[in-house]
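To keep things clear, I will list the structure first and then write my remarks on it.
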Amino acid sequence: MTGTQEKEQVIAKIQEIVSNEKFKLDAYYFCGFPSGTPNEKLLKACEKYLETVDGNQPDPAVTADMIAQLEGALAQKSKAADNLVNNDADIQEVLDHRDLLLG
C-alpha cells in the first residue's frame with residue numbers, strides 16, 4: 001500500500017468521525033443523549049481539516065488543531081453504556097497515522 005493510499009484511508013476515517021459527530025449532534029437535539037454527547041470542537045476541527053486537504057497540503061496549524069482535538073476526545077473515554085456511536089477506534093487509528101497528515 002502506498003503512502004497516498006494510506007493517507008486516503010486516514011482521511012476516510014476523519015470523514016467517518018465527522019459523520020458520527022454529526023449524527024450525535026442531531027440525536028442530541030432531537031432525542032436527548034441516546035448516542036453520546038456530541039463533541040462540537042472535534043467536529044469543527046475535522047471539518048476544517050477536510051476543507052483544506054482537498055487536493056492540497058493542509059495548513060499545519062489546522063492539522064495541529066485537529067490532532068489536539070482528537071487527542072482530547074480520546075482522553076475523555078466514551079461511556080459505552082450511553083454511547084451508541086463510539087469514535088475511539090477511528091480516532092486512535094487517525095492518531096496512529098498522524099505522520100501521514102503532517103508530512
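Residue numbers count from 1 along this sequence.
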Output for pair (Arg98 CZ, Glu93 CD), nearest 0.5 Å, gives 13.5 Å
Atom pair CG (Asn20) and SG (Cys46), whose distance is rounded to the nearest 0.5 Å: 10.5 Å
One should read off an interatomic distance between Gln69 CD and Lys41 NZ, to the nearest 0.5 angstrom, of 6.5 Å
For Val10 and Leu100, which heavy atoms make the closest approach, and how far apart are they? CG2-CD1, 4.0 Å
Going from CD1 on Ile91 to CG on Asn39, what distance comes out if it is rounded to the nearest 0.5 angstrom? 7.5 Å
Quick check for you: to the nearest 0.5 Å, what is the distance between Glu6 atom CD and His97 atom NE2? 6.0 Å
To the nearest 0.5 Å, what is the distance between CD on Glu8 and CD on Gln15? 10.0 Å
For Asp96 and Gln92, which I'm curious about, is there any donor-acceptor pair between the side chains at under 3.5 Å? yes
Do Glu21 and Leu42 have side chains that approach each other closer than 4.5 Å (heavy atoms only, starting at C-beta)? yes
Determine whether Leu74 and Asn87 make a side-chain contact, defined as any pair of heavy atoms from C-beta on separated by less than 4.5 Å. no
Run Glu71 and Leu95 through side-chain contact (heavy atoms from CB on, under 4.5 Å) and show every step you take. CA-CA 8 Å; Glu71 290 172 338; Leu95 290 174; 3.8 Å; yes
Quick one: do Glu47 and Lys22 make a salt bridge, cutoff under 4.0 Å? yes
Are Ile67 and Leu102 close enough that some pair of their side-chain heavy atoms sits under 4.5 Å apart? yes
Any idea which heavy atoms bring Tyr49 and Ile14 closest together, and the distance? CE2-CD1, 3.8 Å
For a 4.5 angstrom cut-off between non-hydrogen side-chain atoms, does Val94 reach Leu101? yes
State which residues pass side chain to side chain contact (heavy atoms under 4.5 Å, CB included) with Lys44; sequence neighbours excluded, sorted by chain then number. none
Got Leu43 and Ile17 here, is their nearest side-chain heavy-atom distance under 4.5 Å? no
